[in-house]
Amino acid sequence: MDKQLNITPKADWLLKHKRPIIISGPCSAETEDQVMNTALKLAKLGKVDYLRAGIWKPRTRPNAFEGVGIEALPWLVNAGKETNIPVTTEVANAAHVEAALKAGIDMLWIGARTTVNPFSVQEIADAIKGVDIPVMVKNPLNPDLQLWIGAMERINQAGITKLGAIHRGFSSFEKTVYRNIPQWNFPIELKRMFPDLPIICDPSHIGGNRDLIGMISQKALDLDFDGLMIESHPTPDAAWSDAKQQVTPLALKEIINDLIVRNISTEDKNFIDHLSELRDRIDDLDEEIIQKLANRMKIAIEIGSYKKNNDVTILQVNRWNEIVKQRKQLANAMGLSDRFISKFLKIIHEESIQNQTKVMNS
Ligand code: PEP
Ligand code: MN
């Protein structure tokens, strides 16, 4: 199925005045005072475009703090009015949408635990129908691009054209330095498919640790993300949820000041000329690589029929191990990493085996 989103181009709304945009505020609204205090401190920085706070918190385990609920909505709305900054919160069902719209929330987002469930997303889409409000959709917990796109399509089909995606990383059984592994190829692919769709990075939930936020944010900007959502709290260590990953407004200021925002392009003629020369060389090399891969595959197919005629198995483990060892040495000597060459050989080998299997069964 062709993926189509009928959206308002990001340059016409979210990025009208600034790139990257910054969304910040506490993981959870805890008290009226905490929300207002955070908002006032963030407003003083002059860098925050949206105030965030979780009103309803979908928690992994029961008995954790599950948010104050509807009572906290006016706290966030008032903090927005006081600071003149639009506000955003997470909605997970129709009742949340209704309450948030009634309270005057300016933008909604759908959390990772909701994006995984098409029934919930559809319920939200139905509740939003006919309302002109921006909606950001976080990636689902599991690394499934179709599920992420599907959730955005549901919201889009309800008539929402100010749509955005938030990349917050993916759950993983594997223990890594991250709370949620970034798998940057997902947002990169989304960008390729939908160039007009804004993509915001949430380094707080990717990192799970405040020390990683600067590094992840810079990486996101270097990949041309459109903004950052960073959790902040006046006293992060005392936060009722996600304490380790929240930063003070002052720390947020330092993180933002340290970021290098590179240009997407430039008018400089020398730069453009030189870049286009380099790109021509890349184009030539890609052509050569594809030609060579096709030749290689032809020979693999020939080997397949030779094996078939001589009743020999497709997989020859010793030969394969030898290839991997030899090619790695060669690649390393030429400055290519083990990780890269291993992946590259693996997909070539898989394709060869598949082609040889076809020959064998023909
Ligand atoms: C949050 O933003 O506080 C949150 C719960 O995020 P996620 O849905 O990414 O886990
Ligand atoms: Mn959080």
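Read the numbers this way: they start at 1 and go in the same order the structure lists the ligands and their atoms.
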**Prompt:** Do Thr114 and Ser120 have side-chain atoms, one donor and one acceptor, less than 3.5 Å apart?
**Reply:** no
**Request:** Say whether Asp222 and Gln218, considering side chains only, have a donor N or O and an acceptor N or O under 3.5 Å apart.
**Result:** yes
At less than 4.0 angstrom from any non-hydrogen atom of [X], what atoms of ligand 1 do you find?
X	answer
Cys27	3 (O)
Trp109	2 (O)
Gly111	8 (O)
Glu90	4 (C), 5 (C)

**Request:** Could you tell me whether Arg281 and Glu277 make a salt bridge, using a distance below 4.0 angstrom between a side-chain N and a carboxylate O?
**Result:**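 Salt bridge flag = no for Glu277 with Arg281.
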**Prompt:** Salt bridge check: are Asp242 and Arg179 linked by an N-O gap of less than 4.0 Å?
**Reply:**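 Looking at Arg179 together with Asp242, the answer is yes, because their closest N to O distance falls below 4.0 Å.
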**Message:** Let me confirm one number: the CG-CD1 distance from Leu45 to Ile256, rounded to the nearest 0.5 Å.
**Reply:**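 The CD1 atom of Ile256 is 6.5 Å from CG of Leu45, to the nearest 0.5 Å.
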**Prompt:** In Å, rounded to the nearest 0.5 Å, how long is the span from NE2 of His349 to OG of Ser342?
**Reply:**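 Output value for this atom pair is 13.5 Å.
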**Item:** Donor-acceptor contact present, side-chain Lys307 to main-chain Met360, <3.5 Å
**Value:**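 Side chain of Lys307 to backbone of Met360, a donor-acceptor pair under 3.5 Å: no, none is there.
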**Prompt:** Can you name the one residue among Gln246, Gln245, Arg210 that meets side chain to side chain donor-acceptor pair (under 3.5 Å) with Glu231?
**Reply:** Gln245
**Message:** In this structure, would Leu223 and Ile213 fall into the same cluster of hydrophobic residues linked by side-chain contacts under 4.5 Å?
**Reply:**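 Yes, same cluster.
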**Fill in**
Protein N/O/S atoms closer than 2.8 Å to the Mn ion (ligand 2), ordered by chain and number, come to Cys27 SG, His205 NE2, Glu231 OE2, Asp242 OD2
**Message:** Consider salt bridge (Lys or Arg N to Asp or Glu O under 4.0 Å). Of Arg19, Arg262, Lys10, which one does Asp224 pass it with?
**Reply:**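 Single pass found, and it is Arg19.
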**Prompt:** Less than 3.5 Å between some nitrogen or oxygen of Arg52 and one of ligand 1, yes or no?
**Reply:**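 In this structure, Arg52 places an N or O atom under 3.5 Å from an N or O of ligand 1.
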**Asked** Purely on distance, is any nitrogen or oxygen of Asp202 under 3.5 Å from one on ligand 1?
**Response**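 Checking ligand 1 against Asp202, no N or O pair falls under 3.5 Å apart.
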I need the nearest protein heavy-atom contact for [atom]: residue, atom name and distance, please.
atom	answer
atom 3 (O) of ligand 1	Lys57 NZ, 2.7 Å
atom 8 (O) of ligand 1	Ala112 N, 2.8 Å
atom 9 (O) of ligand 1	Arg168 NE, 2.6 Å
atom 4 (C) of ligand 1	His205 NE2, 3.5 Å
atom 6 (O) of ligand 1	Lys138 NZ, 2.9 Å

**Asked** Mind checking whether Phe170 and His167 have parallel, tilted or perpendicular rings, split at 30° and 60°?
**Response** tilted
